[in-house]
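A short write-up of the structure that comes next.
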Amino acid sequence: MSLSHLIELAGGIDNIQRILVDDENYLTVSLVDEIKPTSAPSNVSLDNVNQEWQLTTPLQGDLDSHLIDDISNALSQRFSEQIKYIEVKKCPFRPTWHISPPQGLLNDPNGFVFHQGQYHLFYQWNPFACEHRDKCWAHLTSEDLINWKWLNPALAPTDWYDSHGVFSGHAVSKGEELYLFYTGNSRIGHNRKRQTTQCLATSSDGAHFKKHGPVIKQLPEGVTAHIRDPKIYFRNGVWNMLLGAQTDDLKGRLALYQSEDMLNWEYQGLLGDELGDFGYMWECPDFFELSGQHFVVLGPQGVKSNSQFDTNPHRNRIFSISEQNDSKFSFEQEWTLDYGFDFYAPQTTLTEDGRRVMVGWMGLPDDINQPTIENGWIHQLTMQRELIYQDGKLTQKPIVELEQLMSEAQAVTLGSDPIDIETKSFELTVTLDSHCTLSLMENQQYRITLAFDPDRQAIRVDRSQTISCSGDTVREVTQVGRKVKLAVYADNSSLEIFINDGEKVMSGRAFTPEDATCISLTGEKAEAVLRNIYPSIPPFSGE
Ligand code: FRU
């Protein structure tokens with residue numbers, strides 16, 4: 001059956017919501033209409049897959065690319081129409097200086113890059129529901145990394161190779177062209193067979209993107225369809241692509257490809273054997289240099305923790321690496337990027353003045369039950385942090401640009417009587433040297449507590465007295481010293497805690513009522529410095 005007949009059978013292009021091509025043997029269209037089509041000829045099967053009626057037929061000869069393009073264009077037009085109705089859902093938990101989705105679900109930051117005088121930042125976004133499905137790339141630009149402008153989504157899941165999600169990836173600025181590399185995700189049939197391709201889209205105006213389709217279609221040998229999240233970088237005279245991957249025996253690894261022109265990619269092999277069994281899948285690699293040393297960030301999934309206060313199996317790591325001449329490398333020293341409740345899939349960019357700035361998703365893959373879903377949105381990004389490597393020490397600090405949002409500093413003496421600071425968006429800096437518990441975002445019933453134990457040199461953050469959400473309630477970090485210097489950054493429903501000038505960081509969401517604006521400290525009194533953080537320009541204009 002030809003594609004045109006299939007379209008006719010589907011009730012026309014307007015009744016198609018997805019197009020799928022299974023290993024180039026079968027063509028499937030899924031229908032908008034939820035009512036079962038009356039009949040189908042013998043060479044067309046009719047199935048209800050995940051509440052979608054799908055018509056599938058064997059492919060005869062080449063795909064009619066014009067018709068496929070017609071379907072994709074119709075799907076993108078429909079997506080653009082639907083996006084026009086997006087609104088910023090009002091919610092008391094919405095951050096005022098972090099990026100959050102106007103509605104729907106946000107996850108990984110994507111394509112963070114400085115290009116033609118502007119920062120571009122994209123994120124994984126399901127605009128239509130607080131569910132992990134059918135992601136597009138939301139698109140924001142900024143001149144100062146603080147105030148963001150909202151552009152139309154750059155990439156929507158409207159083609160056969162990305163119809164179940166334009167998954168994560170990175171950007172490359174090359175002259176006037178902005179290259180976006182991403183993983184095309186599609187799921188076939190009742191068993192939702194995963195089909196993965198690595199795709200390219202380019203733009204010459206930084207706003208409108210042309211998809212070029214898959215640049216890598218085949219899976220390398222010994223690797224499952226869990227291979228994704230391309231990071232592209234130029235090194236030793238060639239373009240390199242790193243992908244998070246899973247081997248057939250369910251070990252996480254990185255796959256390396258190389259290219260002369262960013263269009264034709266050759267597989268070079270897997271990296272990371274020296275880490276042995278280190279999770280069943282690695283996601284979202286990043287690669288960069290800090291003070292002459294190269295580093296790789298990755299998100300290993302399923303690494304068991306040996307602490308009851310850190311049960312998160314998906315914790316990002318950063319490794320220093322040692323490179324060989326052919327751009328292959330081995331992993332050396334390991335650091336945990338963030339010890340908090342919610343931090344995953346970070347990306348970095350190089351700023352115009354040479355700083356390495358990281359932003360992450362303040363959420364976790366399995367965590368989709370937060371009180372914001374009642375108001376139609378979920379998750380946010382972290383603040384942007386500069387990564388610094390000096391004398392063998394890796395630290396993070398808030399980007400200096402954040403200063404523009406800070407009020408005058410105010411000295412406060414913290415003690416057991418709660419002080420009402422009348423805001424939940426603030427910076428609090430304090431040094432603690434004895435047993436004590438700091439309560440933040442507090443009212444009579446709710447609070448987040450941070451307990452310091454100098455004997456065990458440990459900090460324990462507890463969100464059990466907050467409005468409940470899924471996920472753990474206690475996180476502990478050890479080896480913080482007998483005296484700790486804290487800088488806490490709060491934004492309505494998030495906390496980012498920098499310990500000892502960013503040697504360790506803990507980030508997480510925590511929900512207390514709007515009037516929970518007090519802070520207090522049990523134990524010895526301490527002198528602290530407080531600054532309010534004013535709202536930035538929100539990255540959504542509702543145009
Ligand atoms: C990480 C991740 C990526 C994938 C994306 C899909 O959170 O699973 O590996 O590309 O999210 O939204």
Side-chain angles (χ1 to χ4, degrees), residues 99 101 104-112 121-139 153-157 161-171 180-187 192 194-201 214 216 219 223-232 241-246 250 252-255 279-286 296-303 312-317 337-338 341-348 358-368 370 377-382 471 507 509:
I99 291 168
L105 175 145
L106 162 157
N107 56 301
D108 314 352
N110 291 148
F112 193 17
L121 178 59
F122 307 80
Y123 60 78
Q124 287 285 283
W125 185 34
N126 175 356
F128 308 118
C130 295
E131 286 168 18
H132 281 285
R133 54 179 298 178
D134 299 343
K135 310 284 174 61
C136 69
W137 277 34
H139 186 189
L155 303 167
Y161 45 82
D162 58 21
S163 50
H164 285 94
V166 177
F167 272 13
S168 287
H170 282 254
L180 302 184
F181 288 89
Y182 69 93
T183 298
N185 175 53
S186 57
R187 307 295 292 265
R192 310 205 67 223
R194 194 178 280 271
Q195 212 165 258
T196 308
T197 54
Q198 314 307 329
C199 306
L200 170 67
I216 300 175
L219 298 181
V223 168
T224 73
H226 283 284
I227 178 163
R228 54 179 173 264
D229 311 333
K231 163 72 189 179
I232 285 56
M241 180 192 288
L242 282 181
L243 293 165
Q246 176 181 63
L250 306 188
R253 290 292 180 262
L254 293 181
Y280 55 79
M281 165 68 188
W282 294 354
E283 296 186 312
C284 301
D286 197 357
V296 166
V297 169
L298 48 96
Q301 294 195 294
V303 179
N312 170 18
H314 313 306
R315 193 169 283 297
N316 280 104
R317 309 301 210 283
L337 267 176
D338 194 291
F341 296 105
D342 307 289
F343 182 90
Y344 199 62
Q347 282 209 353
T348 65
M358 175 177 78
V359 61
W361 168 29
M362 212 189 290
L364 284 181
D366 306 328
D367 195 356
I368 50 157
Q370 297 186 346
W377 69 282
I378 185 164
H379 296 312
Q380 64 172 63
L381 298 183
T382 66
S507 307
R509 301 299 297 282

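We count ligands from 1, going down the list as the structure has it; atoms in each ligand are counted the same way. Source: prediction; values computed, not measured.
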Counterpart residues, side-chain contact (heavy atoms from CB on, under 4.5 Å), relative to Tyr280 (two or more places apart):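 Listed in chain order: Gln246, Gln301, His314.
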
Residue that, paired with His170, satisfies side-chain contact (heavy atoms from CB on, under 4.5 Å) out of Asp286, Leu180, Asn110: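 Among Asp286, Leu180, Asn110, the one meeting side-chain contact (heavy atoms from CB on, under 4.5 Å) with His170 is Asp286.
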
For Asp108, salt bridge (charged side-chain N to carboxylate O under 4.0 Å, His left out) partners two or more places apart: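 Not a single residue meets the salt bridge (charged side-chain N to carboxylate O under 4.0 Å, His left out) criterion with Asp108.
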
What does the contact table look like for ligand 1 (nitrogen or oxygen on each side, cut-off under 3.5 Å)?
residue, atom, partner, partner atom, Å
ligand 1, 7 (O), Asp108, OD1, 2.7
ligand 1, 7 (O), Asp108, OD2, 3.3
ligand 1, 8 (O), Glu283, OE2, 2.8
ligand 1, 9 (O), Arg228, NE, 2.8
ligand 1, 9 (O), Asp229, OD1, 3.4
ligand 1, 9 (O), Asp229, OD2, 2.6
ligand 1, 9 (O), Glu283, OE2, 2.9
ligand 1, 10 (O), Ser168, N, 3.1
ligand 1, 10 (O), Asp229, OD1, 2.5
ligand 1, 11 (O), Asn107, ND2, 3.2
ligand 1, 11 (O), Asp108, OD2, 3.1
ligand 1, 12 (O), Asn107, ND2, 2.9
ligand 1, 12 (O), Gln124, OE1, 2.7
ligand 1, 12 (O), Lys135, NZ, 2.9

Residue from Thr197, Asp162, Asp229 passing side chain to side chain donor-acceptor pair (under 3.5 Å) with Tyr182: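 Exactly one option meets the side chain to side chain donor-acceptor pair (under 3.5 Å) with Tyr182, and it is Asp162.
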
ring-ring contact (aromatic ring centres under 6.0 Å, His included) partners of Trp137, counting only residues at least two apart: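 Partners of Trp137 by the ring-ring contact (aromatic ring centres under 6.0 Å, His included) criterion, ordered by chain and then number, come out as Phe122.
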
Heavy-atom check, side chain of Arg509 versus side chain of Asp367, under 4.5 Å: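 Side-chain contact under 4.5 Å: no.
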
